[in-house]
Amino acid sequence: MKVVGKQSNSKMCIVCGLDNPIGLRAPFYNMEDGSVMTLFRYGAEHQSFPGRVHGGLVATMLDELGLRALWVKSPEDTFGVTMTMEVKYRRPVPYGQELTGRGIVERETGKFFTIRTGIYDGEGILLAEGLLKYIKLEADQIVRDIDPHEEMCYLVEDGVREIAFAR
């Protein structure tokens with residue numbers, strides 16, 4: 001599937017923060033079908049039992065994909081917070097392997113949006129999925145005394161123009 005744009009990374013976010021020493025440093029791409037995708041890998045420091053990622057960190061990626069999916073069609077200064085998240089763990093999520101994350105907006109109103117997200121292995125098998133509902137809020141309703149543009153300050157082009165994905 002064709003990449004049509006790239007989103008910014010932050011400084012310290014556990015998922016996308018480029019300055020976070022234990023973070024995933026995941027890049028996010030706007031796709032031609034209106035979804036967002038990422039190519040990433042968990043490390044051994046993200047495990048619960050040996051060989052598998054902690055479920056909370058799996059849910060964290062599904063949540064990050066939610067807001068990122070909204071940014072495919074809205075400016076990156078559009079913010080929101082998670083109201084509900086339903087996660088289905090289909091198979092153990094491994095660390096040390098490239099994974100693909102995908103999120104797409106299913107429904108949007110002026111104040112709310114619903115996103116479907118998933119994490120897939122290298123064979124395209126769905127490992128975990130989420131259904132998330134968010135409320136849109138202004139940045140100053142979420143945090144005070146922090147400029148979100150200063151935190152979301154890295155836009156690093158990496159030459160990724162296509163991501164293999166079969167539904």
Side-chain angles (χ1 to χ4, degrees), residues 1-20 22-42 46 48 53-91 93 99-120 126-156 160 163 165 167:
M1 188 179 324
K2 185 178 177 185
V3 172
V4 296
K6 188 154 189 249
Q7 296 183 7
S8 297
N9 284 65
S10 79
K11 293 178 182 178
M12 289 302 293
C13 172
I14 189 72
V15 176
C16 75
L18 297 182
D19 297 340
N20 189 327
I22 62 163
L24 299 175
R25 298 183 179 109
F28 290 89
Y29 304 95
N30 299 337
M31 306 304 294
E32 65 183 335
D33 71 346
S35 69
V36 67
M37 294 183 77
T38 182
L39 301 172
F40 72 103
R41 65 181 64 228
Y42 292 103
H46 303 122
S48 58
V53 175
H54 189 284
L57 290 171
V58 172
T60 300
M61 175 56 84
L62 294 171
D63 188 29
E64 181 79 8
L65 284 160
L67 185 62
R68 297 288 187 150
L70 182 66
W71 287 349
V72 173
K73 296 181 180 179
S74 300
E76 286 185 22
D77 60 357
T78 304
F79 290 97
V81 294
T82 310
M83 293 174 48
T84 65
M85 180 167 73
E86 177 184 334
V87 177
K88 291 182 182 174
Y89 299 95
R90 302 256 179 220
R91 296 181 182 206
V93 176
L99 302 169
T100 301
R102 181 173 184 267
I104 192 159
V105 175
E106 286 197 335
R107 185 170 184 261
E108 182 179 2
T109 66
K111 192 77 172 156
F112 302 98
F113 55 105
T114 303
I115 313 289
R116 184 162 305 277
T117 61
I119 297 174
Y120 302 82
L126 180 64
L127 304 175
E129 63 184 316
L131 182 63
L132 300 99
K133 294 182 182 176
Y134 289 77
I135 184 170
K136 293 180 193 176
L137 294 173
E138 297 295 322
D140 64 356
Q141 293 176 286
I142 301 169
V143 294
R144 302 239 186 267
D145 302 323
I146 294 174
D147 179 359
H149 299 290
E150 185 178 313
E151 176 61 23
M152 296 292 298
C153 61
Y154 297 123
L155 182 58
V156 180
V160 174
I163 297 175
F165 184 74
R167 285 181 277 202

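All heavy atoms count here, side chains included; hydrogens, waters and symmetry mates do not.
Here the CG atom belonging to Leu18 is positioned 7.0 Å from the OG atom belonging to Ser10, to the nearest 0.5 angstrom. Of the inter-residue distances, the one linking Asn9 atom CG with Asn20 atom CG reads 11.5 Å to the nearest 0.5 angstrom. Atom CG in Leu62 sits 12.5 Å away from atom NZ in Lys88 (nearest 0.5 Å). Between atom NE2 of residue His46 and atom CZ of residue Arg41 there is a gap of 12.5 Å, rounded to the nearest 0.5 Å. In this structure, Ser35 OG and Lys73 NZ are separated by 9.5 Å, a value rounded to the nearest 0.5 Å. Here CE of Met83 is found 11.5 Å from CG of Leu132. Values are rounded to the nearest 0.5 Å.
Counting only heavy atoms from C-beta outward, the side chains of Phe112 and Lys133 never approach each other to under 4.5 Å.
For Glu108, the side chain to side chain contact (heavy atoms under 4.5 Å, CB included) partners two or more places apart in sequence, or in a different chain, are Leu70, Ser74, Val105, Phe113, Lys136. Residues satisfying the side-chain hydrogen bond (donor to acceptor under 3.5 Å, both in side chains) test with Ser48, not counting sequence neighbours, are none. With sequence neighbours excluded, the residues satisfying side-chain hydrogen bond (donor to acceptor under 3.5 Å, both in side chains) with Asn30 are Gln7. In this view, Glu129 and Arg90 satisfy the side-chain hydrogen bond (donor to acceptor under 3.5 Å, both in side chains) rule, not counting sequence neighbours. Residues meeting the salt bridge (charged side-chain N to carboxylate O under 4.0 Å, His left out) test with Lys6, sequence neighbours left out: Asp158. Applying the side-chain hydrogen bond (donor to acceptor under 3.5 Å, both in side chains) rule to Arg116 yields the partners Glu106; only residues at least two apart in sequence or on another chain are considered.
Side chain of Tyr89 to backbone of Gly55: a donor-acceptor contact under 3.5 angstrom is found. Side-chain N or O atoms of Arg91 include none that pairs as donor or acceptor with a backbone N or O of Leu126 at under 3.5 Å.
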Test side chain to side chain contact (heavy atoms under 4.5 Å, CB included) applied to Tyr42 and Leu99, step by step: CA-CA 8 Å; Tyr42 292 103; Leu99 302 169; 3.6 Å; yes
Check against side chain to side chain contact (heavy atoms under 4.5 Å, CB included), Met31 and Phe165: CA-CA 11 Å; Met31 306 304 294; Phe165 184 74; over 6 Å; no
Pair Phe28-Leu67, side chain to side chain contact (heavy atoms under 4.5 Å, CB included): steps then yes or no: CA-CA 11 Å; Phe28 290 89; Leu67 185 62; over 6 Å; no
Verdict with reasoning, Val81 to Ile135, per side chain to side chain contact (heavy atoms under 4.5 Å, CB included): CA-CA 6 Å; Val81 294; Ile135 184 170; 3.5 Å; yes
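Closest approach of Pro27 and Leu39 over heavy atoms only: CD-O, 3.4 Å. For Met37 against Thr100, the heavy-atom pair with the smallest separation is CE-CG2, 3.4 Å. Summarising the geometry of Phe40 relative to Ala26, their closest heavy-atom pair is CB-CB, 4.0 Å, with the distance given to 0.1 Å. Taking each heavy atom of Ala128 and Val58 in turn, the nearest pair found is CB-CG1, 3.6 Å. Heavy-atom minimum distance, Ala69 versus Ile115: CB-CG2, 3.8 Å. Closest non-hydrogen pair, Cys13 versus Glu64, comes out as SG-OE1, 3.8 Å.
A side chain to side chain contact (heavy atoms under 4.5 Å, CB included) with Thr38 holds for exactly one of Ile163, Val15, Leu65; it is Leu65. Results of the side chain to side chain contact (heavy atoms under 4.5 Å, CB included) test with Tyr134 over Thr84, Thr114, Asp63 single out Asp63 as the only residue that passes.
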